[in-house]
2 protein chains.
Amino acid sequence: MPRVSPDHLQARRRQILDGARACFARHGYEGATVRRLEETTGLSRGAIFHHFKDKESLFLALAEDDAGRMADVVAEQGLVQVMRNLLADPGSDGGEMPEADWLGTRLEVSRRLRTDADFRLRWAQRSEQLTNATKARLKWQERAGNLRDDVDVDVLTAYLELVLEGLVSHLAMGLPADDLGPVLDLVEESVRRHRGP
Amino acid sequence: MPRVSPDHLQARRRQILDGARACFARHGYEGATVRRLEETTGLSRGAIFHHFKDKESLFLALAEDDAGRMADVVAEQGLVQVMRNLLADPGSDGGEMPEADWLGTRLEVSRRLRTDADFRLRWAQRSEQLTNATKARLKWQERAGNLRDDVDVDVLTAYLELVLEGLVSHLAMGLPADDLGPVLDLVEESVRRHRGP
């Protein structure tokens, strides 16, 4: 057997996650059959399940990977900017922006959270990344004097996450979103420090 | 044939809607079979479909009825209070509060909007009730001098509806909601007029 370098393993894992992301986004969790996963990843089922124990593990790894990439965007730009990016390009398939990929995975996570109690338990341990990144970003803004100081950072974090959930749901339902820019302005302004008149 | 009074027709229609609401909430649209609708309404399929052309029409009538009842609550108490009521008692089955019933129907509407393009078209013509009630309430608050005057009422309406969508999605996913009271305080405060310091 040839020896496989860690870089190669990492690249193969990435190839599987990227193919699986497109497959889950297009067909949903149940519709992402092993045959379709083979097609979108360009790998055999043997190769896929060498890296991931089963489809559930693959999906959780993907959701975790996406949440991590979004946490990076949040850390740099804040959650409101993430929402603006979603508005700008909600449905692009395989685009450059992590938000567009992430929306597909997030919708599938939402659906399974509603319908699958086992999944809810497994996901609870992994869903903290975005919350933590949002909170860290807000604390940084707080230290910079940009944040309102009359509301706890935990409340502001939960507020932004609730609006994000609304936006994800709104986009998922195919409702018109072209009037939501000023709404996000209002959301952003309502976590900011109000300087004196 | 005995003649049937309008009051009797209205009562029968109400009986069907109330039974169907419980059935759709418990089993979802697909799971609400004719047999189950007979059980929860206490009426035969002949009686049910004398009043409603088919299951789709029954569901749309129910969703419209619920939206109308919620619009009444919004007109009296505002959309933020509706959200507070949802938080206080999201899952009560057959409770006194219209919010608890409405959540079940609303979730089913959300799911079908995501998955059924035909339904999306039919629903678009009926979903304006809550928006209109919210906007009317905000305009009333505006005239009373309680509303911020630097943001358009349409934007404030879309903002409150987006937060409501987030809350509905949050509750549907079974996520913890006991920390959301202060978040709704923030939402309410951010549409209010800020009186000078």
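All chains are named by letter (A, B, ...) in the order of the sequence lines, taking the proteins before the strands, and each is independently numbered beginning at 1. Values below: all heavy atoms of this structure, side chains included; hydrogens, waters and symmetry mates excluded.
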Pull out the residues in residues 153-170 of chain A that come under 4.5 Å of chain B, heavy atom to heavy atom, sorted by number.
A:Val155, A:Leu156, A:Ala158, A:Tyr159, A:Leu162, A:Val163, A:Glu165, A:Gly166, A:Leu167, A:Ser169, A:His170
Sort by residue number and list every member of residues 49-62 of chain B having a non-hydrogen atom under 4.5 Å from chain A.
none
Under a single-linkage definition using a 4.5 Å side-chain heavy-atom cutoff for Ile, Leu, Val, Met, Phe, Trp and Tyr, are A:Trp140 and A:Val80 assigned to the same hydrophobic cluster?
no
Which of the residues B:Val183, B:Val191, B:Leu180, B:Asp179 is involved in the greatest number of heavy-atom pairs with chain A at under 4.5 angstrom?
B:Val183
Please classify the contact between A:Arg148 and chain B as side chain, backbone, both or neither, with a heavy-atom cut-off of under 4.5 Å.
side chain
